[in-house]
Structure formats: C-alpha cells, structure tokens
Enquirer: 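First, the structure itself, so that you have it in front of you.
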Amino acid sequence: MTFKEFMAKVEAKNPGEPEFLQAVKSVVETIWDAYESNPRFVQNNILERLVEPERTIIFRVPWMDDNGEVHVNRGIRVQYNSAIGPYKGGIRFHPSVNLSTLKFLGFEQIFKNSLTSLPMGGGKGGSDFDARGRSDAEIMRFCQSFMAELYRHIGADLDVPAGDIGVGAREVGYMYGYYKKLRNEYTGVFTGKGRTWGGSLIRPEATGFGVVYFTNEMLKTKGTDFKGKTVALSGFGQVAWGVAQKVTELGGKVVTLSGPDGYVYDEEGLNEEKIAYMTELRASNNDRIADYADKFPNAKFFAGKRPWEVKVDIAIPAATQNELDADDAKALLANDVFCVCEAANMPCTAEAMGILLDAKILYAPGKAANAGGVATSGLEMTQNSMRLSWESEEVDEKLQSIMRNIHAACLEHGAQDDGYVDYFKGANVAGFIKVATAMCDQGLV
Ligand code: 2IT
C-alpha cells in the first residue's frame, strides 16, 4: 500500500472529520519510512490498526440549569490505544468539541504519552458543553451528569482522565467526587486533582513549565537562552499561565496574551501581578482577554486579531488547534521570529507548519513540547499508587529530566543530513516506534 492509498482509505472511513484527518495525514507522512522499512510493522498492519480507536463511547448528558430548564449535551470518550499503558488523556468541555476534535486529540495523545517514557496509553474525552456564563451549581450538575455515565468506563488501571480546555481543578473535583460516590472507592482515577486530595504538586504549572524547558533545550542548540528575548504567547488558560511564569523567571518578556475576542499587547511584559490576574480572568468564566487591557491600561487590545503580527523573537501558541495559519506563519517569518514552540495541541495548520519547517527555523510540535503536562499526570498516578506525595522540587526535577529526554529523542529521530532538526518528524517517529513494537509484541488484539 502507498501512503496515498492509505490516506484514501482513512478518508473514506472517517468523512467529515477534518481535524482528525489533518492529524493523521501529517503524522503518517513523517513515519511512513520508519513503518515501511520494518517488515514486522507491515506484516502486523500496524498503521491501519493504529488509526482506528480501540473503543469510543458516546453518551447523552442531560442537565438542568438554575431556571429549571433542561439541556442536553453529548459526551464522548475515545479510548484510542492501550498498548503501553492504561488510556490516558484529558477531558475537554468546549462548544467546538465533536468526534473529529476528540479523535485528533486522542491520536496525538498516543505519541505524546509514548514520548514521556511513562507507561500511559492514549485517550481523550469531552463534551460540547459551553461553560460561559454558567453558575458554579450548573457546572457541578453538568459534571455529575457526565460522570453518571462515564464512571463505568474508566478506572485507575483502565482509563485515567484529566483536565483540558474548560476542565480545571474545579471540574476535576466535581467529576472525581461523583466517581468516588458511585464506585465507592478512593483511587487515582483522575489526575489534576486538588493537592489535598491526591493531586501532585507542580501539575497545574507542568504543561507550561515543560514547554519552556523544552524551548530552552532548543535554544541551547543555537547557543542561546530566554534572557532578553520577547515572546508572543496566545491563550490565557492554565497552559499559558505556566509558560508566562517560567519565561519571566528565566529572563524573557511575554508581551501578548489572547482570547476568542482578540489579543492584548503589553510592551512592558508580564510580571507577577499580571500573571496572577490570569487566574482571576480564567475563573471569571467569560472568556474575554479585553478585560486585561481594562485592568492594565498600558496594554493595548486588538479586537478580533491574533498575536502573530507582533514583532518578537519567539512565538508560543498556547490556545487551541489551528490558531496559527499560513498567513500568520509568514508574518512571524517576516518579523524574524526564530523559534515557534507549540504549547497547545496542533495549533499550527498543516500549511503553517510546512512554511515554518521549510524556513528551517526552530519549530517544535505540541506532542513533544507540551508533554510535560501528561508526564506530570503520570507522576501523579505513581504517587497515588504509592500513597505518598513528593515535594515540588522532586516533581520539578523529574519533569525537567523528562523534557530533556524528549528533546534528545527528537534530535535522534529528527536530525536531517544538513544538520537541521525536524522536531515534528523526530517526535512522531520516536513516539511511534515504541507503541508499534508493543502492538507487535502483544499479538492481534
Ligand atoms: O493534552 C494533554 O496532554 C492534556 N490535556 C493533559 C492530559 C493528562 O492526562 O494530563
């Protein structure tokens, strides 16, 4: 089978799923040689098996709002691949959630989790629930209804969800509490838990910190670091918050944040007070970054625009998928941005990614750079199993070491003849080989 024939088959089988097909195409393109050159992988038809989720659960989530009105959302959990460990991956609550989004995220998660070197398979779940303007009581009722079905499909050794967009410590708490009540057991079935009830220190910061540790490794290959560098950052959620903290600590200057309403440019750069305000913004449930410019009048708000037009050294997209397109990539290059590190999952469109790779600047995909989040979830699972809790220094040290190892794996599998490192290819090949080998070892299941 050729790559083209393979893709035609996947497209015919998964119509109307553009994000999923985008993720599959870009990954399989880069691992095709590693696949074809291994007779065992081909003999076991690993690629066709890999793109088909082991199991997908789709369910109704009915809930009542504060006025007594009944609403119905759709809940989904994609249990994608369990070759190297229990299914592991976040839960996303956002109106854009559908089967295509969750399949792309679950597919990416297989490779990401493999890269962490911890025993975690790939999964993802969520709902098209819109939390904007909802009260705390409404959010609790929704989480409980969601869990009233999902609880029978997950477990500490089976499938361990966590947060993602729209799901933070509050939502994890409501879902975990309900799971515990229904199952009558206290196990590490969720990660991202509150620190007094089984959560790991550093987990909230881990995705963002990991992105910055990874970027730092990339910068080192060019003999430089964050000191004095300006950074365009998008989003203002938990991931962007962690990135902002660590970049600032390392002497860089974060000058932008963004939301669905536009972006803010703060020439002075973020500081402790402004970073703390990001948490307040997130808790407000209204998804507006314009509020930042009201609070800090030196910042300028640009309605309906994205931060990739600002002249900076480094760009870190940390909002959502396909938030950086071909025109944005060209704008970044025109401004001499020399490093783009993905903190979100698949924030660059396929076209944008091609442009950045062709320009041979430092470019890293989310599945490598943002793997520190799920890696620290893996560390939370370990602590839960041992029934103890590590100090933050210990977790942070392990996180740094994991990010260095992922970077090394990307170099090993992504170095080109001319010396350029294709981190996208490196991450895909490194993540793939381990999972594919495990699948071969375990027979036709
Ligand atoms: O995209 C991701 O890696 C996450 N949302 C975190 C998943 C996890 O299980 O911690």
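Only this structure's heavy atoms are used, side chains among them; waters, hydrogens and symmetry mates stay out. Counting starts at 1 for both ligands and their atoms, in listed order. This chain uses plain numbering: 1 for the first residue, then up along the sequence.
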Enquirer: Under 3.5 Å, N/O to N/O: give me all the pairs between ligand 1 and the protein, one per line with atom names and distance.
Expert:
| unit_1 | atom_1 | unit_2 | atom_2 | d |
| --- | --- | --- | --- | --- |
| ligand 1 | 1 (O) | K112 | NZ | 3.0 |
| ligand 1 | 1 (O) | K124 | NZ | 3.1 |
| ligand 1 | 1 (O) | N345 | ND2 | 3.0 |
| ligand 1 | 3 (O) | Q109 | NE2 | 3.1 |
| ligand 1 | 3 (O) | K112 | NZ | 2.7 |
| ligand 1 | 5 (N) | K124 | NZ | 3.4 |
| ligand 1 | 5 (N) | G163 | O | 3.1 |
| ligand 1 | 5 (N) | D164 | OD1 | 2.8 |
| ligand 1 | 9 (O) | K88 | NZ | 2.7 |
| ligand 1 | 10 (O) | R203 | NH2 | 2.9 |
| ligand 1 | 10 (O) | S377 | OG | 2.6 |

Enquirer: Going by the rule salt bridge (charged side-chain N to carboxylate O under 4.0 Å, His left out), which residues pair with E19 if we only count those two or more places apart in sequence or in a different chain?
Expert: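 Partners of E19 under the salt bridge (charged side-chain N to carboxylate O under 4.0 Å, His left out) test: none.
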
Enquirer: State whether the side chain of E380 and the backbone N or O of G192 hold a donor-acceptor pair below 3.5 Å, judged by distance alone.
Expert: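 Yes.
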
Enquirer: So which of F59, F129, W63 actually passes ring-ring contact (aromatic ring centres under 6.0 Å, His included) with F146?
Expert: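 In the set F59, F129, W63, the residue that makes a ring-ring contact (aromatic ring centres under 6.0 Å, His included) with F146 is F59.
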
Enquirer: Listing request: all salt bridge (charged side-chain N to carboxylate O under 4.0 Å, His left out) pairs with a residue in residues 99-108, at least two apart in sequence or in separate chains.
Expert: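 Listed by first then second residue: E17-K103, E108-K367.
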
Enquirer: Just one of D261, D325, D327 clears the salt bridge (charged side-chain N to carboxylate O under 4.0 Å, His left out) bar with R306, so which one?
Expert: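 So the option named by the test is D325.
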
Enquirer: Using salt bridge (charged side-chain N to carboxylate O under 4.0 Å, His left out) as the criterion, list what pairs up with K246, not counting sequence neighbours.
Expert: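 For K246, the residues satisfying salt bridge (charged side-chain N to carboxylate O under 4.0 Å, His left out) (neighbours in sequence not counted) are E249.
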
